[in-house]
*Asks:* 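Structure in structure tokens, see below.
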Amino acid sequence: MAAAEPPEQRAAAAAARFSDRDRDGGVVPVLPPPPCRQIRGQGLSCEYRLLFGPAEADGVLRRLEREVRYLPDERTKLHVFGKWHSIPRRQAVYGDPELRYTYSGVTFSPEPWIPVLDHIRERVASVTGHNFNFVLINRYKDGLDHIGEHRDDEKELVPRSPIASVSFGACRDFVFRHCESRGKNAKRHIEPVTLQLAHGSLLLMKYPTNVYWYHSLPVRKRVLSPRINLTFRKVMAIDK
DNA sequence: ATGCGGTCAAGTGA
DNA sequence: TTCACTTGACCGCA
């Protein structure tokens, strides 16, 4: 497990988004640029930063726990190796009403946006410059809840669009593994990249991360409290 | 129409 | 406690 290096470049580009020009052409800061850590590897390109301070994140988490409506367990069962399983987490789907989203063979219509989700979505947009029209929410009630290795490569995503992953609650390990270094007869040996996704954090996964890298949230038995993760996406409106 | 590639979670042992 | 590995029916796509 190798933690990725945080190269300190792009400061100027980041600052530019959080500033404006005055009459004489001088740069006037509008907001301080939030510190941002670059996560880089072969085909791996992410940005990690805190999106909410601890107190604000606490408030958002409480509102999420009160207001988010999760899909019933029977709608999210999976057939794996001949057996039906409940997924080891709970899921909710919110977004613009005309959109559809297919996950593991099941198509979902999103619930309409609610204020707490709009608040997070607007914060993400102000920091990243990207507007998202859809969010998949996963709630991991404790360290036994998890998700296996997968890529977010659904075909209804806008090609090359980033995915913004916002986390609240328990800090959990998040593991990236290169597609060619998985399993017994891996073609290559590329070290996994492990991140800790903190309360109030944003991980922006940029193209082509999801082409080459699987990610997972492994079991962590010592974690006893819940984590809620929101992955904001750009979904194409076209569907049959 | 058909064949093929990729997927998911749980259980086991190191 | 964590991790690698094994297990196959089903779906989407060419």
Side-chain angles (χ1 to χ4, degrees), chain A residues 1-4 39 41-44 70-93 99-110 134-161 163 165 167 169-198 205 207-231 233-240:
Chain A
M1 287 186 258
I39 313 296
Q42 303 180 38
L44 178 67
Y70 292 90
L71 294 161
D73 183 63
E74 54 270 24
R75 283 207 60 200
T76 55
K77 290 204 165 176
L78 291 177
H79 197 230
V80 180
F81 279 91
K83 291 181 193 163
W84 286 95
H85 299 280
S86 294
I87 58 172
R89 60 191 172 275
R90 299 200 73 188
Q91 285 186 330
V93 174
L99 302 176
R100 297 293 177 272
Y101 192 72
T102 300
Y103 170 80
S104 220
V106 188
T107 299
F108 299 101
S109 295
F134 190 95
V135 64
L136 174 66
I137 304 177
N138 279 286
R139 183 181 187 276
Y140 305 88
K141 68 178 183 305
D142 57 31
L144 294 179
D145 273 1
H146 64 280
I147 190 166
E149 284 188 350
H150 68 286
R151 293 180 291 190
D152 290 325
D153 57 353
E154 292 81 5
K155 65 178 193 306
E156 56 264 68
L157 296 176
V158 172
R160 298 183 173 228
S161 61
I163 293 177
S165 168
S167 300
C171 184
R172 290 285 295 265
D173 285 349
F174 180 88
V175 182
F176 280 111
R177 300 182 72 172
H178 194 279
C179 60
E180 292 179 3
S181 73
R182 302 163 72 235
K184 211 178 164 177
N185 11 320
K187 296 191 185 99
R188 309 170 66 183
H189 295 285
I190 300 173
E191 281 296 298
V193 174
T194 299
L195 306 174
Q196 281 80 43
L197 301 184
M205 292 183 271
Y207 186 85
T209 300
N210 272 120
V211 177
Y212 299 108
W213 293 76
Y214 285 70
H215 57 266
S216 66
L217 194 82
V219 167
R220 287 292 178 264
K221 293 193 175 179
R222 285 164 294 199
V223 174
L224 304 176
S225 55
R227 167 178 184 262
I228 296 178
N229 177 70
L230 305 92
T231 48
R233 297 144 190 269
K234 299 191 192 198
V235 172
M236 294 185 290
I238 51 157
D239 234 348
K240 33 202 162 129

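Hydrogens, waters and symmetry mates play no part in the numbers below; they use all other heavy atoms, side chains included.
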*Asks:* Can you tell me the distance, in whole Å, between the OH atom of A:Y214 and the C1' atom of C:dC3?
*Replies:*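 The answer, rounded to whole Å, is 19 Å.
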*Asks:* How about A:Q196 and A:D173: do any of their side-chain heavy atoms sit closer than 4.5 Å?
*Replies:*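 A side-chain contact exists here, since the closest heavy-atom pair is under 4.5 Å.
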*Asks:* Expected output is a numbered-order residue list: members of residues 137-148 of chain A with a heavy atom under 4.0 Å from any atom of DNA chain C. What is it?
*Replies:*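 Within residues 137-148 of chain A, no residue comes under 4.0 Å of DNA chain C.
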*Asks:* For the pair A:R172 (side chain) and A:D142 (backbone), establish whether a donor and an acceptor sit closer than 3.5 Å, ignoring hydrogens and angles.
*Replies:*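 Side chain of A:R172 to backbone of A:D142: a pair is present.
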*Asks:* Take atom NE2 of A:H150 and atom C1' of B:dC8, then tell me their distance rounded to the nearest Å.
*Replies:*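 That distance rounds to 11 Å.
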*Asks:* Within the structure, does a side-chain N or O atom of A:R151 lie under 4.0 Å from either OP1 or OP2 of B:dG6?
*Replies:*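 Answer no for this pair, as no side-chain N or O of A:R151 is under 4.0 Å from OP1 or OP2.
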*Asks:* With sequence neighbours left out, what residues match A:H85 under ring pair (Phe, Tyr, Trp, His ring centres under 6.0 Å)?
*Replies:*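 For A:H85 there are no ring pair (Phe, Tyr, Trp, His ring centres under 6.0 Å) partners, ignoring immediate neighbours.
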*Asks:* Nearest to the side chain of A:R89, which nucleotide is it out of C:dC3, C:dT1, B:dA9?
*Replies:*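 The answer is B:dA9.
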*Asks:* Hey, does A:H215 have a side-chain heavy atom less than 4.5 Å from the side chain of A:H150?
*Replies:*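 In short, these two side chains touch, coming nearer than 4.5 Å.
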*Asks:* Is the phosphate of B:dC8, meaning OP1 or OP2, less than 4.0 Å from a side-chain N or O of A:S104?
*Replies:*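 The answer is yes; a side-chain N or O of A:S104 sits under 4.0 Å from OP1 or OP2.
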*Asks:* Can any side-chain N or O of A:R233 pair as donor or acceptor with the backbone N or O of A:I163 at less than 3.5 Å?
*Replies:*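 Absent.
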*Asks:* Using the ring of each side chain (for Trp, its six-membered ring), is A:F134 parallel, tilted or perpendicular to A:Y101, with breaks at 30° and 60°?
*Replies:*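 The arrangement is tilted - the two ring planes meet at 30° to 60°.
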*Asks:* What string of B, S and - do you get for nucleotides 4-14 of chain C, 5' to 3', when a contact is any protein heavy atom under 4.0 Å?
*Replies:* SSSBBSS--S-
*Asks:* Give the rounded distance in Å between these two atoms: CD1 of A:I87 and C1' of B:dC8.
*Replies:*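 Between C1' of B:dC8 and CD1 of A:I87: 11 Å.
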*Asks:* Are side-chain heavy atoms of A:P88 and A:L144 found at a separation under 4.5 Å?
*Replies:*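 When only atoms from C-beta onward are counted, A:L144 and A:P88 do not touch, as no gap falls below 4.5 Å.
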*Asks:* Round to a whole Å and report the spacing from CZ of A:R222 to C1' of C:dT1.
*Replies:*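 In whole Å, C:dT1 C1' and A:R222 CZ are 7 Å from each other.
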*Asks:* Rounded to the nearest angstrom, tell me the gap between atom NE2 in A:H85 and atom C1' in B:dT7.
*Replies:*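 To the nearest whole Å, that distance equals 13 Å.
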*Asks:* Rounded to the nearest Å, what distance is computed from the NZ atom of residue A:K77 to the C1' atom of nucleotide B:dA10?
*Replies:*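 In whole Å, B:dA10 C1' lies 15 Å from A:K77 NZ.
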*Asks:* Taking C-beta and beyond as the side chain, do A:R220 and A:Y140 meet within less than 4.5 Å on heavy atoms?
*Replies:*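 They are not in side-chain contact.
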*Asks:* For a quick check of understanding: with a heavy-atom distance under 4.0 Å over all strands, which category does A:Y103 fall into, base, sugar-phosphate or nothing?
*Replies:*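 Counting heavy atoms under 4.0 Å across all strands, no contact is made by A:Y103.
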*Asks:* Evaluate the side-chain proximity of A:Q91 to A:V93: yes if any heavy-atom separation is below 4.5 Å, no if none is.
*Replies:*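 Result no, sub-4.5 Å side-chain heavy-atom pair not found.
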